[in-house]
Every structure is written in structure tokens, then in C-alpha cells.
> 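Below is the structure I would like to discuss, written out as C-alpha cells.
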Amino acid sequence: MAENTAAEAASTLNDERARRLADRAALYEAGQNPYPEHSSVTDHAADLLVRYEGLANEESAEETVTVGGRVVAKRGQGKIMFLVLRDPSADIQLFCRVNDVEEDSWATLKKLDLGDIIQASGVVTRTKRGELSVAPRQIKLLSKAVRPLPEKFHGLSDKETRYRQRYVDLIVNEDVRETFRKRSAIISTFRRFMEDDGYMEVETPILQSIQGGATAKPFITHFNALNQENYLRIATELHLKRLLVGGYERVFEIGRIFRNEGMDLTHNPEFTTMEAYRAYSDLEGMKELAEGVIKAAARAVGLEGAIEYQGQQIDLFSPWASRSMTEIVSDVLGREVTLDTPVEELFAACAERGIETKPEWTAGKLIAEIYDELGEDTIVNPTFVCDYPVEVSPLAKRNEEDPRLTHRFELVIAGHEYANAFSELNDPVDQAERFAAQMAEKAGGDDEAMEYDEDYVRALEYGMPPAGGIGIGIDRVVMLLTNSTSIRDVLLFPHMKPEKGSKSGAAAARAAEAGAAASPFLVSAKPTIDYSKVVVEPLFEDFVDFDTFAKSDFRAVKVKDCVAVPKSKKLLSFTLDDGSSTDRVILSGIHDYYEPEDLVGKTLIAITNLPPRKMMGIPSCGMIISAVHAEDVAEGEEPVERLNVLIVDDSIPAGAKLY
């Protein structure tokens with residue numbers, strides 16, 4: 001049934017598009033340009049609605065106005081037609097009467113489709129029923145829409161389609177347009193707040209030769225002119241602090257950051273931050289800055305007092321609290337924890353709660369890991385989490401009273417980090433030692449560890465004044481202040497996997513360069529796997545008796561929803577229809593291979609009679625079946641594991657049993 005409905009919808013779309021394309025061609029044949037270069041729009045709907053608010057029913061103004069926008073509704077036949085025109089400011093009705101409209105314009109009017117962009121000139125009037133309208137005399141087609149709006153303009157609800165075709169999302173969903181208006185207002189407020197506080201906005205390189213300023217996995221690209229491998233920046237920090245060495249006192253940058261990591265509700269590999277550095281300031285100065293700028297942004301979008309975020313009431317406008325990390329960890333563990341707590345106790349606490357650790361971790365690293373996994377989620381109201389261990393703060397100044405701690409805070413609201421701030425390290429010897437420690441971690445296999453930045457150490461040797469520094473996640477602030485569930489809801493064009501069957505983009509171009517296809521727009525006939533390099537696990541030599549095998553209940557399951565598990569880089573949580581009346585939840589560690597939205601609506605295979613097993617505190621009731629093999633990539637290197645989840649024909653009903 002679903003397949004038939006989808007096929008019918010596709011057929012309807014194709015028929016409608018073909019008809020509109022024919023109309024476009026007919027306009028050209030008749031000597032009319034459906035995409036003229038010039039327009040003369042002078043008025044906006046919202047301004048007219050305010051200006052003529054006092055106009056009486058059946059009364060018309062004398063002034064001629066010219067509005068432009070998209071036709072989003074059309075009704076009426078014969079001698080009267082009503083259109084709803086949408087411009088960037090509001091919707092307004094066009095009240096069209098055959099005796100008022102010029103003959104050519106009436107002919108244009110009759111042929112208009114929903115989605116067409118037009119210009120209408122006439123007088124403002126109020127209809128008998130009280131609707132303020134423009135009664136046009138002239139109508140001009142500015143852009144013929146050859147693809148119809150979704151569902152005859154009743155909305156666009158599929159999230160993947162909304163993200164992928166944001167232009168359609170913006171056309172049909174007023175709340176989405178409002179979200180991005182608010183995003184613009186928030187960023188403008190950040191910029192004005194900083195400038196009013198004496199900060200100078202600067203720009204630093206996106207292409208960088210050294211991975212630094214944060215612990216994150218970078219994107220790598222090749223700089224042809226210099227024959228050099230470069231990173232897309234993972235932070236703006238080190239360049240901004242060089243400017244403090246150079247004599248500027250207050251600098252900031254609002255810009256894009258790139259981290260080659262996973263995607264979930266609060267993370268996107270490409271995101272926007274504001275980083276700011278102030279000489280002769282410290283951590284307390286950064287607290288004042290964070291609280292001030294975020295409260296100003298909230299007021300700029302009309303918020304005051306307690307706000308609601310995803311069902312939680314957040315006291316945003318009262319003074320913000322400060323708490324130490326060990327205090328929060330002590331609360332979640334139910335006993336006092338300090339840096340002097342024996343590491344054996346901390347390892348045991350992690351093991352009891354399913355937190356992965358490494359044998360070489362120290363007390364500071366273990367406490368930070370417990371906080372990340374358990375403590376952060378307990379915080380609702382804005383809180384500055386302070387006193388970070390030095391092991392997880394390679395750029396922060398040590399605490400004079402306890403050198404194992406640093407002058408650092410993270411601002412946490414509703415269980416998520418919004419800002420990260422330091423009293424900046426300005427001792428070049430200490431900084432060099434910390435860079436060296438990071439390089440040791442990188443040599444041990446940590447892809448996210450920083451590299452040694454010799455030039456930055458050299459800059460510090462010239463002397464940098466004591467300073468406070470902060471980075472604020474703009475996207476998360478926008479999520480908070482617009483009550484948005486996902487970071488993709490506040491990014492105009494979030495990154496998506498290519499559409500199925502796509503023949504364009506970087507991957508296709510690269511394949512063409514490699515000779516896999518004559519053009520990036522042609523499908524290569526070469527297989528995507530070099531089967532000569534495939535390594536499969538040997539078959540089991542032991543037999544299993546049939547009765548034991550028959551007890552495994554393999555079923556076809558439909559993916560109703562799929563989301564990334566918070567705090568996990570690998571786990572996806574599936575909500576499944578298994579043919580019963582109750583949704584089934586299964587967790588699977590396949591996030592390295594699939595994004596959640598790619599699997600929604602698919603039909604998979606699962607074992608459904610395994611006992612529930614808790615993963616990250618969530619009971620997993622079964623196992624998704626995948627096929628795993630390995631591929632040799634280079635001589636002397638370990639084969640790389642590949643995984644393909646078993647996706648079967650959608651015509652197989654949920655609950656169908658495998659034999």
C-alpha cells in the first residue's frame with residue numbers, strides 16, 4: 001500500500017511538472033518571457049496591513065501599491081478570483097475582479113499556478129467580509145514555478161526532505177522562517193554586544209597547517225599551490241591569542257569551525273562559534289561576558305524570565321551559579337570525590353556504570369569522564385562548571401592553590417555545553433610541556449590530540465598578558481532560544497548524505513578523476529569493492545544442532561525512528577515495528593557506518609528473543625543483523641572492517657519470520 005501511494009505521488013508529480021513545463025514553453029512561443037529581468041515591487045504586505053488597518057469594509061484607498069511574492073493559494077472562477085500572495089514579511093490577499101484587471105493581466109491570472117512568483121499593482125481595499133486586500137489592475141509573472149509545492153501546499157513534514165530541500169521548507173513552514181529570522185537576530189546581538197564592550201572583530205585562517213586550539217578530529221585537505229596537507233580549523237583560539245601578543249586588548253571572531261566527528265541532535269561537523277579573548281581579564285570576566293551576551297540575545301528574540309526548552313523550565317535570567325566538577329561528580333556518585341580519591345575507586349565507579357576507560361588514565365581524567373557521562377545531564381539551569389583537571393585542559397592556566405586543576409569553566413544548560421572558557425595559559429614553558437604531552441597521546445593513537453605548535457610557543461615567549469578567553473556555540477544558543485530539538489533545525493543547510501542515486505558532488509568527481517567514469521554525471525560500471533582485497537571471517541567448524549538454532553527468532557522489522565544515543569559515538573537507538581502492538585527498542589553500534597536518518601523507513605532483520613541488555617543505561621531488546629567483512633588497504637597494515645546492515649525489500653511485512 002505504501003509503495004502504491006508513493007508511486008502514485010511520484011506519477012502525479014511528474015504529470016504536474018510536465019504540464020507546467022509545457023505551459024512555460026507555450027509562454028515563450030507566445031512571445032512572453034516567464035522569467036523577466038526587471039520588476040518594480042515597492043511595497044510589502046506587512047507594511048500595508050499596518051498602514052491600512054483602519055480601512056472600513058468595502059472601502060478602497062487612493063494610493064496605488066505594487067507588491068510581489070509567491071502565489072500560495074488561489075480560488076474562484078468566472079469574474080472574481082482570490083489569490084494569497086506571500087512575500088518575506090507576510091501574506092496578503094489579492095481581490096481580482098475582471099472589470100478592474102487589464103485584459104492581458106486577466107489572461108495571466110487565469111493561467112497562474114501555486115508557487116508562481118508575480119507582481120501585482122493596484123489599490124488597497126477591504127472586502128465585504130473584512131479582509132484587507134490589494135485589488136490589482138496589473139499582474140505580471142516574474143517566475144514560473146515548474147515544480148509544484150508539496151502536498152498541494154498542505155505542508156512538508158518529512159524531516160529529511162525538509163533538511164535536504166530547505167528552500168521548500170522555508171516556502172511552506174512559517175515557523176521555520178521565524179527560526180532563521182531569530183538566528184540572524186541572535187548573531188547580530190552577539191556582534192553588537194561585543195563591539196559595545198570594546199572588542200574588535202577579526203578574521204583568522206580557515207586553512208591551517210597545524211591541528212590546534214581544541215581536541216578534535218580534523219578534516220584534511222590538500223593545498224595544491226604549496227603541495228601541502230592542511231586542516232580545516234577546529235578552533236580559532238591560537239590565532240586570536242597571537243593577536244593579544246601583538247598588542248590588541250579585546251578581540252573576537254564569529255565563524256565556522258570544522259570537526260570530522262559524528263552527527264547527532266547537538267553536533268554537526270560544521271558549526272558556528274564565537275571566540276573572544278580579553279587581555280588583563282580572567283575567568284570571572286568570561287563569566288560576566290557569557291551571561292551578558294546570552295541574556296542580551298534572549299531579549300533580542302522576545303524572551304524574558306523563565307523559558308521553556310524541550311519541556312524543561314529554565315531560569316535563564318536569574319544570576320547564574322558556579323559549581324566545581326568534583327562537586328557535581330560527588331552528587332551523582334553519592335559520595336565525596338576529589339582528585340585525591342584513589343584511582344582504583346574511580347575505575348571501579350566507572351566499571352559499575354558501564355563507562356569505558358583506559359588503564360593509563362589518572363584521577364583527573366577519570367573524574368572528567370564520569371562528569372561527561374553522568375554529571376552533565378543532571379544540570380538544568382545555567383551553571384558554570386569550574387575547576388577542570390589539567391589532563392583535559394591543555395590550554396588553561398593552572399590553579400595556583402592546586403596545580404592539578406585549571407582555571408576553566410564550561411557553561412552547561414539543560415544538560416548541554418554552551419560555552420568553554422579559560423584563564424589563558426601564558427607561560428611558554430608550561431605550554432610547550434603540555435603540547436608535548438598532547439603529542440605523546442597522538443603517538444599513542446589519539447586522533448583528536450593537538451599537535452605541537454612551535455610558532456605559538458614562540459609567540460608566547462615574546463610575552464602575552466594575563467587574559468580570559470571563551471568560546472560560545474552559536475548553534476546551541478539558537479537551539480535554546482528557539483526551543484529547537486536538533487541542531488539541524490537551526491542550520492539552513494545541514495550536511496546530508498547524498499541522495500540515493502545521486503550522480504553529482506565531490507565523490508562522483510573524484511571517481512571520474514580516477515577513471516571510474518567518463519564524467520562525474522555518469523554511473524561507473526566498475527564495482528565499488530575490490531573483491532581481491534576482501535577478507536572474511538573463517539566459517540565455524542563446530543555445528544549447532546537444529547533445535548538450538550530454531551530457538552533464535554529472526555524477524556523482519558520496520559524502522560519507525562532512529563536516533564544517535566547521547567554521549568555515545570557508536571550507538572544508534574532504533575524504534576521498531578516488529579509486527580506486535582508494542583514498539584521494540586534495539587541499540588546497535590553502527591553509527592560509524594550509517595546516519596540515523598538513512599535508516600528510518602527501512603526494513604531490517606533482527607533477533608527478537610534475546611534478553612534485554614542495558615547499553616548506556618537504555619535496555620536493548622534484541623539485535624540488528626549486519627554483514628561484516630574486512631578489506632586490505634595497504635601492505636603491512638591491518639585490514640579495515642566494513643559493515644553493511646541487512647536491508648530487505650520493503651514489501652516484506654513487519655514481523656515476518658525468517659526460516
> Decide whether a cation-pi geometry holds between Lys657 and Tyr659; the criteria are a distance under 6.0 Å from NZ or CZ to the six-membered ring centre and an angle within 45° of the ring axis.
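Lys657 over Tyr659 ring: yes.
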> Looking at Arg233 and Ile257, would you say the former's side chain and the latter's main chain have a donor-acceptor pair under 3.5 Å?
no
> What distance do Asn230 atom CG and Ile210 atom CD1 have between them, rounded to the nearest 0.5 Å?
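Asn230 CG to Ile210 CD1: 10.5 Å, rounded to 0.5 Å.
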> Would you please name every residue forming a side chain to side chain contact (heavy atoms under 4.5 Å, CB included) with Thr338, sequence neighbours left out?
Glu336, Asp340, Thr341
> With a 3.5 Å distance limit and no angle check, can you tell me whether Arg183 reaches the backbone of Glu178 through a side-chain donor-acceptor pair?
no
> Using modelled atom types and a 3.5 Å cut-off, is there a donor and acceptor pairing between side-chain atoms of Gln211 and backbone atoms of Tyr231?
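Pair absent, no side-chain N/O of Gln211 close to backbone of Tyr231.
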> Does Arg408 come within less than 4.0 Å of Glu410, counting only side-chain N to carboxylate O?
yes
> About how many Å separate OG1 of Thr362 and CG of Leu346, when rounded to the nearest 0.5 Å?
9.5 Å
> Whether the side chain of Asp489 engages the backbone of Ser486 through a donor-acceptor N/O pair (distance < 3.5 Å, no angle test) should be reported.
yes
> So which heavy atom on Ile472 is nearest to which on Val477, and how close?
CG2-CG2, 3.9 Å
> Counting only N and O atoms by type, is there a donor-acceptor contact under 3.5 Å from the side chain of Asn381 to the main-chain atoms of Asp315?
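Judged by distance alone, yes, a pair lies under 3.5 Å.
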> Please tell me if the side chains of Phe574 and Asp561 come closer than 4.5 Å, counting only heavy atoms from C-beta onward.
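Of all side-chain heavy-atom pairs linking Asp561 with Phe574, none is under 4.5 Å.
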> Does Ile234 offer a backbone N or O that forms a donor-acceptor pair with the side chain of Arg259 under 3.5 Å?
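Between the backbone of Ile234 and the side chain of Arg259 there is a qualifying donor-acceptor contact (under 3.5 Å).
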> Assess the side chains of Glu270 and His495: does a donor N or O sit below 3.5 Å from an acceptor N or O?
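No, no side-chain donor-acceptor contact under 3.5 Å.
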> Should the pair Lys497-Asp598 be classified as a salt bridge under the 4.0 Å nitrogen-to-oxygen rule?
yes
> Is there a donor-acceptor contact under 3.5 Å from the side chain of Thr378 to the main chain of Gly375?
yes
> Is the closest side-chain heavy-atom distance between Pro269 and Met263 below 4.5 Å?
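Yes, side chains in contact.
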> With salt bridge (charged side-chain N to carboxylate O under 4.0 Å, His left out) as the test, would you mind laying out the steps for Asp578 and Arg584 before giving the verdict?
CA-CA 7 Å; Asp578 60 7; Arg584 177 180 296 272; 2.8 Å; yes
> As an exercise, state the distance from CZ of Arg353 to CD1 of Ile370, rounded to the nearest 0.5 Å.
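Taking CZ in Arg353 and CD1 in Ile370, the distance rounds to 7.5 Å.
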> Grab the two heavy atoms, one from Lys567 and one from Glu376, that are nearest each other, plus how far apart they are.
NZ-OE1, 2.5 Å
> Going through the checks in order, is the salt bridge (charged side-chain N to carboxylate O under 4.0 Å, His left out) test met by Asp175 and Lys182?
CA-CA 10 Å; Asp175 59 326; Lys182 288 181 177 178; over 6 Å; no
> Quick one: OG1 on Thr357 to CD on Glu373, what's the gap to the nearest 0.5 Å?
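Nearest 0.5 Å value for the OG1-CD distance: 11.0 Å.
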> Tell me if a side-chain donor or acceptor on Thr406 pairs with a main-chain N or O of Tyr388 at a distance below 3.5 Å.
yes
> State, without any angle test, whether Glu308 and Asn483 hold a side-chain donor-acceptor pair at a distance under 3.5 Å.
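Asn483 and Glu308 do not have a side-chain donor-acceptor pair below 3.5 Å.
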> Find the distance between CZ (Phe347) and CG (Leu366) and round it off to the nearest 0.5 Å.
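Here the interatomic distance stands at 4.5 Å.
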> Answer with yes or no whether the side chains of Ser484 and Thr482 bring together a donor and an acceptor at under 3.5 Å.
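Yes, Ser484 and Thr482 have a side-chain donor paired with an acceptor closer than 3.5 Å.
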> Whether Asp592 and Lys570 form a salt bridge (side-chain N of Lys/Arg under 4.0 Å from carboxylate O of Asp/Glu) is what I want to check.
no
> Are there over 12 heavy-atom neighbours, none belonging to Lys551, within less than 6.0 Å of that residue's NZ?
no
> Between Glu261 and Lys569, is the closest basic N to carboxylate O distance under 4.0 Å?
no
> Set out, in order, the CA-CA distance, both residues' side-chain angles and the distance that settles salt bridge (charged side-chain N to carboxylate O under 4.0 Å, His left out) for Arg162 and Asp169, then state yes or no.
CA-CA 5 Å; Arg162 286 180 50 212; Asp169 191 22; 3.1 Å; yes
> Any side-chain heavy-atom pair from Val412 and Phe384 closer than 4.5 angstrom?
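They are not in side-chain contact.
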> Counting distance only, does the side-chain N/O of Ser330 pair as donor-acceptor with the main-chain N or O of Val337 below 3.5 Å?
yes
> What do the steps show when you test Leu587 against Val565 for side chain to side chain contact (heavy atoms under 4.5 Å, CB included), and what is the final call?
CA-CA 8 Å; Leu587 273 64; Val565 175; 4.0 Å; yes
> Can you list the residues that meet the salt bridge (Lys or Arg N to Asp or Glu O under 4.0 Å) rule with Glu174, with sequence neighbours excluded?
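With neighbours one apart ignored, the set is Arg177, Arg181.
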> Can Arg555 and Asp553 be counted as an ion pair, charged N to O under 4.0 angstrom?
yes
> With rounding to the nearest 0.5 angstrom, report the CG to CG distance, Asn420 to Leu411.
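These two atoms lie 10.0 Å from each other.
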> Does the Arg476 side chain pair with the main chain of Thr266, one donor and one acceptor, at a distance under 3.5 Å?
yes
